[in-house]
Novice: 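Can you keep this structure in mind? I'll have questions shortly.
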Amino acid sequence: MRGTREWYAEVDSTQDRALQLAREGAEEGTRVVARRQGRGRGRLEHRWESPEGGLYLSVVLAAPDEHASLLPLALGAYVAEALGRRYRIPLSLKWPNDIVVVNGRAPSRKLSGILVDRVRSPKLGAAAVAGIGVNVTTHRAELSAAVRERVAVLSELSRVPCDLEEVERIVVEAALTAASSVRTATGLKEVRRLCRQRLWGVGRRAEVDGRPVGTIVALGDEGELWVEDQGKRMAIRAGDLRVDETP
Ligand code: BTN
């Protein structure tokens, strides 16, 4: 595998360390992994709780020159595909790139979150650092009451034994494949197909940043989410999406 691997028993944020390495010219595939994080960062300035048992990984990627907005979705879709195949569980993509488990009428639960930071690299030019957290063998008791019941844990879902290092290898390979796919025409076609196939929530009502936006109707070619309200269509390109989960 390309790039070097830096491992920490504990670090504030693998993302911050990988960003530093990218700025210093690290090659694609360089990764930082930690057993625990003191200040794990999530999207939209959220905190990412990081007790032992989770995968906390940040990987340096060459960013595409075009269609860059598809990279976060592609990462979610390829990681969901690879983990779902290995651990034999159905995983869905909640826009833009949460990996969730949807089980009948029960609320969806988040297995993995992905944060993409863009950075200039002296080696790669436009680069991105993908920070990926996966609940692998996490003990719910070590999570705050606010998130404890909303997460999915891989080892609770799968009959296949879950080993952190194996999950790490699968996720790194999926992230590199996702990034290289966004850079080629044939890859892009597959990225769009996979994202649409995995996307959860079409046909459901949604809110973005607390504001009702209508019903989710489709995923656009650049990764934007199309919603429809009273016959009017609108593209959502950023924000905190809440999907109405009432059956
Ligand atoms: C989200 O769903 O809000 C994204 C969560 C991303 C968490 C990962 S864990 C590894 C990397 N280091 C961080 O500080 N954050 C990301």
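Everything quoted here is computed from the prediction, not taken from an experiment. When a ligand or atom number is given, it counts from 1 through the structure's own listing order.
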Novice: Of the choices K110, H46, R43, which has the non-hydrogen atom that lies closest to atom 2 (O) of ligand 1?
Specialist: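 Going through K110, H46, R43 one by one, K110 has the nearest heavy atom to atom 2 (O) of ligand 1.
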Novice: Only heavy atoms of G40, strictly under 4.0 Å: list the atoms of ligand 1 that pass.
Specialist: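 Going through ligand 1 atom by atom, the ones under 4.0 Å from G40 are 14 (O).
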Novice: Counting only heavy atoms not in D244, do more than 12 fall under 6.0 Å of its CG?
Specialist: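 Check passes, neighbour count above 12.
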Novice: Go through the steps to decide whether T14 and S58 satisfy the test side chain to side chain donor-acceptor pair (under 3.5 Å), and finish with yes or no.
Specialist: CA-CA 6 Å; T14 58; S58 294; 2.8 Å; yes
Novice: Atoms of ligand 1 less than 4.0 Å from I114 heavy atoms?
Specialist: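 The atoms of ligand 1 under 4.0 Å from a heavy atom of I114 are 2 (O), 4 (C).
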Novice: Working to the nearest 0.5 angstrom, can you tell me the gap between S50 OG and D12 CG?
Specialist: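 It comes to 10.5 Å.
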Novice: Under 4.0 Å, heavy-atom basis, I'd like to know which part of D16 is in contact with ligand 1: side chain, backbone, both or neither.
Specialist: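 Neither part.
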Novice: Please list, in number order, the atoms of ligand 1 under 4.0 Å from a heavy atom of S13.
Specialist: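 With S13 as reference, the close atoms of ligand 1 come out as 12 (N), 13 (C), 14 (O).
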Novice: Test your reading of the structure: does R39 have an N or O sitting under 3.5 Å from an N or O of ligand 1?
Specialist: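 In fact, backbone or side chain, R39 has no N or O that close.
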Novice: Go through ligand 1 atom by atom and flag the ones less than 4.0 Å from a non-hydrogen atom of G133.
Specialist: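 Those atoms are 8 (C), 9 (S).
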Novice: Would you indicate whether the side-chain heavy atoms of W95 and P72 approach each other to under 4.5 Å?
Specialist: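 The answer is no; the side chains never approach within 4.5 Å.
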Novice: Return yes if some donor-acceptor pair links the side-chain N/O of E49 with the main-chain N/O of L143 below 3.5 Å, else return no.
Specialist: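 It does not hold such a pair.
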Novice: Quick one about W226 and E224 (side-chain donor to acceptor, distance below 3.5 Å, no hydrogens or angles considered), yes or no?
Specialist: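 Looking only at side-chain atoms, W226 and E224 do form a donor-acceptor pair, the distance falling under 3.5 Å.
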Novice: Quick one: does D16's side chain get under 4.5 Å of R41's, heavy atoms only?
Specialist: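 Yes, at least one pair of side-chain atoms sits under 4.5 Å.
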Novice: Can you list the ligand 1 atoms lying under 4.0 Å from a non-hydrogen atom of G42?
Specialist: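 Taking each heavy atom of G42 in turn, ligand 1 has 1 (C), 3 (O), 4 (C), 5 (C) under 4.0 Å.
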Novice: Counting each atom of ligand 1 from 1 as listed, which ones have a heavy atom of S58 under 4.0 Å away?
Specialist: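 Those of ligand 1 that fall under 4.0 Å from S58 are 11 (C), 12 (N).
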Novice: To which of K94, R41, Q37, Q15 does the heavy atom nearest atom 15 (N) of ligand 1 belong?
Specialist: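 When every heavy atom of K94, R41, Q37, Q15 is considered, R41 comes closest to atom 15 (N) of ligand 1.
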Novice: Give the residue, atom name and distance (to 0.1 Å) of the protein heavy atom nearest atom 5 (C) of ligand 1.
Specialist: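 Scanning the protein heavy atoms, the shortest distance from atom 5 (C) of ligand 1 goes to W48 CE3, 3.4 Å.
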Novice: Under 4.0 Å, heavy-atom basis, I'd like to know which part of D98 is in contact with ligand 1: side chain, backbone, both or neither.
Specialist: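 The answer is the side chain of D98.
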Novice: Applying side-chain contact (heavy atoms from CB on, under 4.5 Å), can you list everything that pairs with H139, at least two apart in sequence or on another chain?
Specialist: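 Testing H139 for side-chain contact (heavy atoms from CB on, under 4.5 Å), a comparison that skips the adjacent residues, returns E142.
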Novice: Determine whether I216 and I236 make a side-chain contact, defined as any pair of heavy atoms from C-beta on separated by less than 4.5 Å.
Specialist: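 Side chain of I216 against side chain of I236, heavy atoms only: no contact under 4.5 Å found.
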Novice: For atom 10 (C) of ligand 1, what is the nearest protein heavy atom, given as residue, atom name and distance?
Specialist: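 So the nearest neighbour among protein heavy atoms is T14 OG1, 3.2 Å.
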